[in-house]
Amino acid sequence: MDLTGLTIDSARSAVAERKTTATALAEAFYAKIEADDPKIGAYLILSKERGLAKASEIDRLAEKGDKLPPLAGMPVGIKDVLVTKGIRTTAGSKILGNYVPPYDCTAVTRLEAAGAVVLGKLNCDEFAMGSSNENSAFKPVHNPRDLSRVPGGSSGGSAAAVAADIAIATLGSDTGGSIRQPASFCGVVGLKPTYGRVSRYGLIAFASSLDHIGPFGKTVKDAAIMLRTIAGRDPMDSTSAEVPVPDYVAELDKPVKGMKIGVAKEYFGEGLDAEVRNGVEAAIQRLAKRGCEIVEVSLPHTKYAIPAYYLVATAEASSNLARFDGVRYGFRAKDVRSLSDMYRRTRDQGFGAEVKRRIMLGTYALSAGYYDAYYLKAQRVRTLLTRDFEDAFKRVDVIVAPTSPTAAFKLGEKVDDPLAMYLADIYTVTANLAGIPGISIPVGVTKEKLPIGMQIFGKHFAESTILRVANAYEKAA
Ligand code: GLN
């Protein structure tokens, strides 16, 4: 049996039917990581001891004939912005290079409680700031579909690990597209839930009003299984919502016939690569063939989304990252002359260039005299964008769009042009600003065999609906 090629759905049955063991599964993944990851760079830290201990716990349950939990023995990887007790957590930054957290992130606690085996921590852009994974302080990630290209970012390691079969599924975070864009670049499924659907407790904060945790999987069903496990109210995160979590898996196969699919012209304008456009349009036609009604909608404020996002995100980042001062966490500069010198040198040596750029932009946007012109204005635009979606969702059930304007670009191609890099998020930041759920699914490849991703947006807390549409597409394809 090709253990590392299995989906959660099939691996779970193999463990339950005793065709394999959780230990064999974990060992197969560790062997493949050892063989293949040196050229991909998806993992920063392996948690073998903890992973194998969990696997043998599952095997003991199986031997006794006990009922197995829903993710029994499933080997998962965790983006390194989610804290793990006793396992180094770096956020891709030198400033947290030696940080060992004293507690677990709720999403990880829930995965392990459901029987999952944590293989290790996955590479990402520093503090999740980036669209190509080239901002990791440790190493870039290479796209498994074409090693000369980026996997997307910031959850590049999470997407690449699933695409390369070195994790069965993974967790990532999405502040402006960091789950959906890498999922699209690597040809896997990635879901950003509604704001409040998944607890952010233990997620190292980038921009708290935009940050989300969500799953990557090989199939829509696997993403649904992962989401079902991590979703739901958590007393440790006051923004986590008291909204009941439906059984996403049970609802997957409900028919989509008669559903109204919105297509917004603002997502098909200038800058969209022709092959990506064709791929997404063909996918929309497939949904039409399944009996969905295609409806044109308008989201008129979309053009302001990137500037609004880069104001709100940097403002919140400048405040969240103030805590990294060399006193409480991780790295501290040596040979300092005074307290303020220590702060300055620690932050200068500990943060990378992109993180510094964002702290400066955010501090500027929040400073006296500029607050109204920038931050306040961006918040108003955010309200308008949210209303755009609310209006559109009065007429349609979901909205579809390309995930990214292009397929995966080459490593090094955009590193010297931050603005070009920021524009990679043009179709994804809107869902973060509005707090609505979005999923990216693979819908084909370009002539160069690079994956194309399509996004499906839904109303607040309508993850079930977007998963259903995604599943209908996946089945039809
Ligand atoms: N690429 C976007 C940025 O750099 C989004 C990052 C994210 O979602 N974490 O801010």
Side-chain angles (χ1 to χ4, degrees), residues 78-82 91-93 122-137 140-141 150-159 170-186 190-193 195 198 200 203-216 305-318 320-321 351-362 365 378 382 403-406 408-409 413-415 417-440 453 455:
I78 307 294
K79 184 178 183 182
D80 208 24
V81 291
L82 302 180
S93 182
L122 295 159
N123 204 350
C124 56
D125 284 302
E126 186 175 2
F127 287 103
M129 296 174 186
S131 307
S132 69
N133 219 115
E134 291 162 296
N135 294 337
S136 163
V141 179
V150 304
S154 63
S155 313
S158 304
T170 57
L171 290 184
S173 69
D174 189 314
T175 303
S178 279
I179 290 176
R180 291 158 289 151
Q181 184 255 21
S184 109
F185 279 14
C186 292
L191 187 152
K192 179 197 88 65
Y195 189 77
V198 174
R200 288 179 294 110
L203 166 64
I204 295 173
F206 160 11
S208 307
S209 77
L210 300 163
D211 291 344
H212 301 68
I213 296 174
F216 288 87
I306 285 282
Y309 169 79
Y310 276 94
L311 283 164
V312 176
T314 56
E316 294 184 14
S318 73
N320 273 326
L321 271 58
F351 289 136
E354 182 60 29
V355 173
K356 287 178 190 161
R357 175 162 31 240
R358 303 227 183 170
I359 292 172
M360 288 189 280
L361 282 170
R382 188 172 186 178
T403 306
S404 175
T406 65
F409 45 88
E413 192 180 315
K414 296 188 204 254
V415 277
D417 188 351
L419 211 51
M421 197 70 98
Y422 295 175
L423 286 171
D425 308 324
I426 192 154
Y427 302 140
T428 48
V429 296
T430 48
N432 300 75
L433 288 162
I436 58 168
I439 188 170
S440 177
Q455 236 183 148

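Just so you know, these numbers use all the heavy atoms, side chains as well, and skip hydrogens, waters and symmetry mates. All residue numbers refer to positions in the sequence shown, counting from 1. Read the numbers this way: they start at 1 and go in the same order the structure lists the ligands and their atoms.
Heavy-atom contacts of D174 reach the following atoms of ligand 1: 8 (O) (cutoff under 4.0 Å). Close approach to A128 involves these atoms of ligand 1, each under 4.0 Å from a residue heavy atom: 6 (C), 7 (C), 9 (N). Counting atoms of ligand 1 from 1 in the listed order, those under 4.0 Å from a heavy atom of F206 are 9 (N), 10 (O). Heavy-atom contacts of G176 reach the following atoms of ligand 1: 5 (C), 7 (C), 8 (O) (cutoff under 4.0 Å).
Listed for the D211 side chain is no donor-acceptor partner under 3.5 Å among the backbone atoms of T175.
Of the protein's heavy atoms, S178 OG, 2.3 Å lies nearest to atom 7 (C) of ligand 1. Of the protein's heavy atoms, D425 OD2, 3.0 Å lies nearest to atom 2 (C) of ligand 1. Atom 5 (C) of ligand 1 has its closest protein heavy atom at Y309 OH, 3.4 Å.
Residue contact check for ligand 1: G130 places a non-hydrogen atom closer than 4.0 Å to it. Using a non-hydrogen distance threshold of 4.0 Å, R358 registers as a contact of ligand 1. The shortest separation from a heavy atom of S154 to ligand 1 is under 4.0 Å, placing the residue in contact.
Between F185 and S404, the shortest heavy-atom contact is CE1-OG, 3.5 Å. The shortest heavy-atom contact between C186 and P151 is SG-O, 3.5 Å. The two residues Q455 and T403 come nearest to each other via the heavy atoms N-OG1, 3.4 Å.
Side-chain contact check for S155 and K79: at least one donor-acceptor pair (N or O, by modelled atom type) lies under 3.5 Å. Side-chain contact annotation: S131 with Q181, donor-acceptor N/O pair under 3.5 Å absent. Between the side chains of S208 and E316, no donor-acceptor pair of N or O atoms lies under 3.5 Å.
For a threshold of 3.5 Å applied to N or O pairs, the pair formed by S173 and ligand 1 contains no separation below that value.
Y195 and H212 have perpendicular rings, their planes meeting at more than 60° on a 0 to 90° scale where under 30° would count as parallel.
Of the candidates S132, S155, S131, P418, it is S131 that places a heavy atom closest to atom 1 (N) of ligand 1.
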